[in-house]
K.L.:
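Just passing along the structure, written as C-alpha cells.
Just so it is clear, the structure is predicted and the values come from calculations on it, not from any experiment. To find a chain, count down the sequence lines: A is the first, B the second, and so on, and within it residues start at 1.
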Amino acid sequence: MLKAVPGTNDIFAQAKEYPFQEPVFRYILKTAEEVLRGAGAQMIHTPIFEYLEVFQKGVGLTSDIVVKKEMYVLEDRGGRLLALRPEPTAAIVRAYNEHGMKVWPQPVRLFTWGPIFRGERQQKGRYKQFHQIDYEALGLADPLLDAEAIALMVRIYKTLGLKQLEVKLGSVGDPEDRTRYNQYLREQLSPFADRLSPDSQARLETNPMRILDSKSETDQAILVELKLKPMLDFLGPAAQAFHQQVCAYLDWLGVPYRVDPSIVRGLDYYVRTAWEVHHARIGAKSALGGGGRYDGLSEMLGGPRVPGVGFGIGVERVAIALKEEGVAVPPDPSPILYLAPLDEAAKIEALALAEQLRPKVSVEMGYTPKSPRKALEEALKKGAKYVGFLGEGERAKGVITLKHLESGEQKELEPLQLHSLFEGPLGG
RNA sequence: GUGAGCGUAGCUCAGCCGGUUAGAGCACUGGUCUGUGGAACCAGGGGUCGUGGGUUCAAGUCCCAUCGCUCACCCCA
C-alpha cells in the first residue's frame with residue numbers, strides 16, 4: 001500500500017500523533033494571525049515554489065540548504081529550474097520588489113504561513129514538509145523593528161499558552177565584521193585543523209563561524225581550550241550601537257531575553273540582529289523559531305537595497321511544545337442538532353430539513369436509519385445539543401420529535417416552530 | 001549520508017523452551033433493546049505475523065538478507 005513520504009504528515013483531527021491534529025494547527029495559526037493582524041501586519045501568500053535562483057541567491061551559496069542540496073528542485077516544461085520553498089523570506093522580498101512596495105509607507109510589515117520544504121531525514125521536530133508562520137518588516141533599518149519583531153514573536157508564544165521559553169539574542173554583525181571575525185577564527189583554529197572534525201575542517205575554509213556550534217566533542221574541547229572571543233567582540237561601531245539599541249528597547253518593553261554571543265544563523269543573508277526562541281522539551285531540536293535582520297538580501301536577489309527584519313515560527317514544534325506543557329486546545333465545534341431518521345423514508349426528510357436549517361444551525365444527521373437508542377448514542381458521541389427524531393409517528397402528524405439532551409425534555413414541533421426555536425440566542 | 005532501536009488486526013499490544021485452527025483491549029457492525037441516554041452482556045467483520053530466503057517433522061518464534069518506521073548525528077523550524 002502506498003504511504004505518505006516519510007517526513008510528511010497528514011494533519012486531521014483524529015491523527016494519532018498528538019501534535020499533528022488539525023485543531024491544534026488551527027489554534028496556532030489563528031492565534032498567530034490575531035496577534036500579527038492586531039499589530040497591523042498584512043497577510044501575504046507567495047507561491048510555494050519559485051525560480052531556483054530566488055532561493056539559491058537569497059539563502060546564500062554557503063548555507064547548508066544549498067551546500068547539502070536540501071532543496072526540492074523541479075524542472076518546468078521549458079527547462080527552467082524551480083524549487084519548493086525552503087524558507088519564506090526570500091520569496092517575500094522578491095514580492096516586495098516585484099510589486100513596488102518601496103513606494104508604500106515604510107516599513108511594510110507582512111506575514112504569511114504555509115508549508116516549507118527541505119530534503120532532510122525525519123526525526124522528532126524535523127520534517128521534509130513542515131509549516132511556518134513568518135513575519136517580515138521591510139524597508140526601514142531601525143532597531144525598533146527588531147525589538148518589535150521579537151516582542152511579537154514572544155507574544156504569539158505566550159498567547160498560545162507556552163511558558164517555558166527562552167529568547168537567545170545575538171548579533172552576527174555586518175559583513176565586514178564577519179569577515180574580520182572569520183579571519184580571526186581561521187588564524188586561531190588553523191594550527192588545530194588536523195584535530196578538528198572533517199565537517200569543521202571544511203568549514204574552516206567556507207564559514208569558520210559554523211565551527212562554533214559544532215556538536216563534535218573534540219571540536220568543542222578545542223574551542224574551550226582556545227577561549228575564543230565571541231562574534232559580539234568583533235562588531236563594528238555601527239553594528240555595536242545597533243545591537244545595544246535593540247537590547248535597550250527590549251528592556252524598555254520588558255521582554256526577557258538572554259544575550260547569547262554564540263548565536264549563528266544558518267542562512268547567509270543575516271546581518272546584525274539574530275535570535276532564537278527555545279523551548280525545554282521538543283526533542284533534540286529545541287528551537288521553536290528564529291529570526292534576524294537581512295539588510296543585504298534584496299540586493300542579493302538583484303533588487304535595490306531593502307533593509308528588513310523578520311522571524312519564522314515552526315508550527316510543528318510549537319504543537320509539540322503545547323503538548324509538552326499540557327496546553328488545552330479548543331476542540332472542533334459540535335453540532336447543535338443531530339437529526340435521526342428512524343426509517344428509510346425519513347432519510348430524505350432529515351436531509352431536507354437539515355438543508356433548510358443550515359447554515360444558521362449546524363446540523364448533522366444519521367445517514368442510516370437506526371433504533372432511537374442507537375441514534376441517541378451517536379448524537380451523544382457527536383456532542384450534539386439536540387436530537388430530532390424523524391419516523392413513522394412524526395410523518396403522520398407532520399412534526400419532528402425534538403429532544404434536549406442535557407435536560408431530557410422532549411416535544412413535538414412542526415418545522416416552522418423548529419425554525420423559530422433556533423432563531424433565538426443560542427438556539428434555545 | 002551514518003548509527004541505534006523497533007516491525008503481529010484500523011489503534012495499543014500479548015504470544016513462554018519452535019508445537020495443533022494466531023489472541024486480547026479499544027474502535028467498527030449487529031443483537032439482547034421492533035420508538036429514547038454514552039453502560040453491560042453476546043455475536044460478527046477485519047491478519048500474506050513487513051518481505052524474501054534458510055534451518056527444522058514443524059517457524060509469529062531461530063538464522064541470513066532486504067524493505068519500512070522511529071529516534072539520534074549533521075543542520076535547521
K.L.:
Would you list the pairs meeting ring-ring contact (aromatic ring centres under 6.0 Å, His included) in which at least one residue belongs to residues 144-174 of chain A, sequence neighbours left out?
P.N.:
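Those involving residues 144-174 of chain A do not exist here.
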K.L.:
Counting any heavy atom closer than 4.0 Å, what does A/Glu316 reach on the DNA or RNA strands: base, sugar-phosphate only, or nothing?
P.N.:
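No contact.
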K.L.:
Should A/Glu325 and A/Lys163 count as an ion pair when the cut-off is N to O under 4.0 Å?
P.N.:
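No, no charged N to carboxylate O under 4.0 Å.
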K.L.:
Starting at CZ of A/Phe20 and ending at C1' of B/U70, how long is that distance when rounded to a whole Å?
P.N.:
13 Å
K.L.:
Compute the ring centroids of A/Phe422 and A/Tyr386, then answer whether they are less than 6.0 Å apart.
P.N.:
yes
K.L.:
Please measure how far the C1' atom in B/G15 lies from the corresponding atom in B/A22, and state the result in whole Å.
P.N.:
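Per the computed distance, 8 Å lies between those C1' atoms.
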K.L.:
Strictly under 4.0 angstrom, non-hydrogen atoms only: write out the protein contact profile of nucleotides 33-40 of chain B, one letter per nucleotide from the 5' end, B, S or -.
P.N.:
B-BBBBB-
K.L.:
Under the salt bridge (Lys or Arg N to Asp or Glu O under 4.0 Å) rule, what pairs show up with a residue in residues 329-341 of chain A, not counting sequence neighbours?
P.N.:
A/Arg26-A/Asp332
K.L.:
Take N1-N3 plus N6-O4 or O6-N4 for Watson-Crick, N1-O2 plus O6-N3 for G-U, both under 3.5 Å. Which runs of 3 or more such pairs involve RNA chain B?
P.N.:
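When the pairs of RNA chain B are grouped into runs of at least three, the stems are B:1-7 with B:67-73, B:10-13 with B:23-26, B:28-32 with B:40-44, B:50-54 with B:62-66.
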K.L.:
Kindly indicate, with the supporting measurements, whether the criterion side chain to side chain donor-acceptor pair (under 3.5 Å) is fulfilled by A/Glu136 and A/Thr89.
P.N.:
CA-CA 7 Å; A/Glu136 314 290 348; A/Thr89 307; 2.9 Å; yes
K.L.:
Please determine if A/Arg272 forms a cation-pi arrangement with A/Phe242, meaning its NZ or CZ atom is less than 6.0 Å from the six-membered ring centre and no more than 45° off the ring axis.
P.N.:
yes
K.L.:
For nucleotides 42-51 of chain B, give me one character per nucleotide, 5' to 3': B if any protein heavy atom sits under 4.0 Å from the base, S if the only such contacts are to the sugar-phosphate, - if neither.
P.N.:
----------
K.L.:
Tell me the ring-ring contact (aromatic ring centres under 6.0 Å, His included) pairs involving residues 309-333 of chain A, sequence neighbours left out?
P.N.:
A/Tyr135-A/Phe311
